[in-house]
Peer 1: 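Here's a structure for you.
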Amino acid sequence: MVNRCAWVTKEQLYIDYHDKEWGVPVYDDRHLFEMLCLEGAQAGLSWWTILQKRENYRKAFDNFDAQKIVCYTEEKLEALRQDAGIVRNRLKIQSVVTNAEAFLRIQKECGSFSNYIWGFVDHTPIINHWTTISEVPASNELSDKMSKRLKNDGFKFVGSTICYSFMQAVGMINDHTLDCFCHPTNN
């Protein structure tokens with residue numbers, strides 16, 4: 001039997017996400033932008049809710065193409081607010097447009113969003129060694145710092161807990177527990 005982190009359910013979508021994505025370093029700008037937006041959409045909800053809607057989000061938001069998103073009209077935003085396939089919160093939908101604008105500015109200033117965001121961990125994943133899932137924090141000083149900087153740079157729905165979840169999701173922080181087959185010491 002394969003040991004996984006205790007938060008993983010028997011749902012295949014969750015198993016696949018845990019086994020193939022969570023904690024795996026991501027450097028692709030588009031994918032990083034997608035995950036930041038999805039983590040923001042999760043605020044007040046479960047990741048399971050967002051994970052089930054991820055394909056709908058990709059369709060609704062032009063596969064998270066920031067160049068297209070910054071051109072959204074009020075009609076497009078209204079259509080998104082009526083789309084039952086995504087979380088229809090007005091502020092969360094608007095935040096994707098706001099974040100696309102900030103994302104494109106950062107790309108221009110830093111050469112890539114990846115270079116900017118990975119700078120928070122000195123471009124090296126942080127590998128934690130938690131024994132149980134209860135030891136894993138919801139935020140830390142690094143996520144506090146990231147949140148503050150992202151907000152200053154114009155991003156929305158980027159509180160410290162969202163930033164910590166984002167870092168876990170894109171492999172900047174590896175929080176697989178030691179007994180999980182995905183922890184680097186078990187590979």
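Reckoned from all heavy atoms, side chains included, excluding hydrogens, waters and symmetry mates.
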Peer 1: With sequence neighbours left out, which residue pairs that include part of residues 64-77 fulfil the salt bridge (Lys or Arg N to Asp or Glu O under 4.0 Å) condition?
Peer 2: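 Qualifying pairs, neighbours excluded: Glu74-Arg81.
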Peer 1: Is a donor on one side and an acceptor on the other found under 3.5 Å between the side chain of Asp29 and the backbone of Phe113?
Peer 2: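 Yes, Asp29 side chain to Phe113 backbone: donor-acceptor pair under 3.5 Å.
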Peer 1: Do any N or O atoms from the side chain of Ser147 and from the backbone of Val158 form a donor-acceptor pair under 3.5 angstrom?
Peer 2: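 Between the backbone of Val158 and the side chain of Ser147 there is a qualifying donor-acceptor contact (under 3.5 Å).
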Peer 1: Might you work through the side chain to side chain contact (heavy atoms under 4.5 Å, CB included) test for Ile106 and Ile117, ending with a clear yes or no?
Peer 2: CA-CA 10 Å; Ile106 295 298; Ile117 207 71; over 6 Å; no
Peer 1: Do any pairs count as a salt bridge (Lys or Arg N to Asp or Glu O under 4.0 Å) and have a residue in residues 85-107, sequence neighbours left out, and if so which ones?
Peer 2: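 Matches after skipping sequence neighbours: none remain.
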Peer 1: Can you give me the closest heavy-atom contact between Ala66 and Phe103, atom names plus distance?
Peer 2: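 The answer is CB-CD2, 3.5 Å.
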Peer 1: How close do Trp118 and Val26 get, heavy atom to heavy atom, and via which atoms?
Peer 2: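 Closest approach of Trp118 to Val26, heavy atoms only: NE1-O, 2.7 Å.
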Peer 1: Kindly compute the distance separating OG1 (Thr98) from CD1 (Ile69), expressed to the nearest 0.5 Å.
Peer 2: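 So the OG1 of Thr98 and the CD1 of Ile69 are separated by 11.0 Å.
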Peer 1: Give me the atom names and distance for the closest heavy-atom approach of Phe33 to Val96.
Peer 2: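 Scanning both residues, the minimum pair turns out to be CZ-O, 3.8 Å.
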Peer 1: Other than Met1, what residues sit in its cluster of Ile, Leu, Val, Met, Phe, Trp and Tyr side chains whose heavy atoms are under 4.5 Å apart, directly or through others?
Peer 2: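 Listed partners: none, Met1 stands alone.
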Peer 1: Tell me if a side-chain donor or acceptor on Tyr57 pairs with a main-chain N or O of Phe64 at a distance below 3.5 Å.
Peer 2: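 Checked: no pair found.
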Peer 1: Can you measure from SG (Cys182) to CH2 (Trp22) and round to the nearest 0.5 angstrom?
Peer 2: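 Interatomic distance, Cys182 SG to Trp22 CH2, rounded to 0.5 Å: 9.0 Å.
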Peer 1: If you define the side chain from C-beta out and look only at heavy atoms, does anything of Phe181 sit under 4.5 Å from Asn3?
Peer 2: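 Sidechains of Asn3 and Phe181: no contact.
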Peer 1: Considering non-hydrogen atoms only, spot the tightest contact between Asn187 and His183 and give its length.
Peer 2: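 Result for this residue pair: ND2-O, 3.5 Å.
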Peer 1: If you look only at pairs with a residue in residues 42-58, which of them pass as a salt bridge (Lys or Arg N to Asp or Glu O under 4.0 Å), with sequence neighbours excluded?
Peer 2: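 Those involving residues 42-58 are Glu21-Arg54, Glu34-Arg58, Glu55-Arg58.
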Peer 1: Give a yes or no on whether the backbone of Ala79 and the side-chain of Gln82 come within a donor-acceptor separation of less than 3.5 Å.
Peer 2: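 Answer holds: no.
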Peer 1: Check the pair His176 / Asn186 against side chain to side chain contact (heavy atoms under 4.5 Å, CB included), numbers first and verdict last.
Peer 2: CA-CA 10 Å; His176 287 284; Asn186 297 326; over 6 Å; no
Peer 1: Working to the nearest 0.5 Å, report the span between OH of Tyr116 and CG of Leu32.
Peer 2: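 Atom-to-atom, Tyr116:OH and Leu32:CG are 12.0 Å apart.
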Peer 1: Ile173 and Tyr164: which non-hydrogen atoms are nearest, and at how many Å?
Peer 2: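 For Ile173 and Tyr164, the tightest heavy-atom pair comes out as CD1-CE1, 3.5 Å.
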Peer 1: Hey, does Ser112 have a side-chain heavy atom less than 4.5 Å from the side chain of Tyr27?
Peer 2: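 No; the side chains remain at least 4.5 Å from each other.
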Peer 1: Can you give me every donor-acceptor pair (side chain of residues 35-49, partner residue at least two apart or in another chain, under 3.5 Å) with its distance?
Peer 2:
residue: Ser46; atom: OG; partner: Thr49; partner atom: N; Å: 3.1
residue: Ser46; atom: OG; partner: Thr49; partner atom: OG1; Å: 2.9

Peer 1: Looking at SG of Cys71 and CG of Asp62, how far apart are the two atoms once the value is rounded to the nearest 0.5 Å?
Peer 2: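 With rounding to 0.5 Å, SG (Cys71) is 10.0 Å from CG (Asp62).
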Peer 1: Using atom types as modelled, flag every donor-acceptor pair under 3.5 Å from a side chain in residues 6-13 to any protein atom, sequence neighbours excluded.
Peer 2:
residue: Thr9; atom: OG1; partner: Glu11; partner atom: N; Å: 3.2
residue: Gln12; atom: NE2; partner: Asp16; partner atom: OD1; Å: 2.8

Peer 1: With a 4.5 Å cut-off on side-chain heavy atoms, are Leu142 and Met172 touching?
Peer 2: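 The answer is no; the side chains never approach within 4.5 Å.
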Peer 1: Test Phe61 against Ile86 for side chain to side chain contact (heavy atoms under 4.5 Å, CB included), laying out the working first.
Peer 2: CA-CA 10 Å; Phe61 287 99; Ile86 66 171; 3.9 Å; yes
Peer 1: Looking at residues at least two apart in the chain, or sitting in another chain, which of them share a salt bridge (Lys or Arg N to Asp or Glu O under 4.0 Å) with Asp19?
Peer 2: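 By the salt bridge (Lys or Arg N to Asp or Glu O under 4.0 Å) rule, Asp19 matches Arg4.
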Peer 1: Would Ile162 end up clustered with Val97 when hydrophobic side chains under 4.5 Å apart are linked, directly or stepwise?
Peer 2: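 Each belongs to a different hydrophobic cluster.
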Peer 1: What pairs meet the salt bridge (Lys or Arg N to Asp or Glu O under 4.0 Å) rule with one or both residues in residues 148-169, with sequence neighbours excluded?
Peer 2: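 Found Arg149-Asp153.
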Peer 1: Considering residues at least two apart in sequence or located in another chain, which fulfil the side chain to side chain donor-acceptor pair (under 3.5 Å) criterion with Asp144?
Peer 2: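 Result, side chain to side chain donor-acceptor pair (under 3.5 Å) vs Asp144: Ser160.
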Peer 1: With sequence neighbours excluded, what pairs up with Asp83 under the side chain to side chain donor-acceptor pair (under 3.5 Å) test?
Peer 2: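 By the side chain to side chain donor-acceptor pair (under 3.5 Å) rule, Asp83 matches no residue at all.
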Peer 1: Not counting sequence neighbours, which residues clear side-chain contact (heavy atoms from CB on, under 4.5 Å) with Thr177? List them please.
Peer 2: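 Thr177 satisfies side-chain contact (heavy atoms from CB on, under 4.5 Å) with Cys5, Trp130, Ile133, Asp179, Cys180 once adjacent residues are dropped.
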Peer 1: Side chain to side chain contact (heavy atoms under 4.5 Å, CB included), that's the test. Do Phe157 and Leu91 meet it? Break it down for me.
Peer 2: CA-CA 9 Å; Phe157 282 91; Leu91 294 176; 3.9 Å; yes
Peer 1: Distance-only criterion, 3.5 Å: show the donor-acceptor pairs between side-chain atoms of residues 122-129 and protein atoms not counting sequence neighbours.
Peer 2:
residue: Thr124; atom: OG1; partner: Asp122; partner atom: O; Å: 3.3
residue: Asn128; atom: ND2; partner: Asp175; partner atom: OD1; Å: 2.7
residue: His129; atom: ND1; partner: Ile127; partner atom: O; Å: 3.4

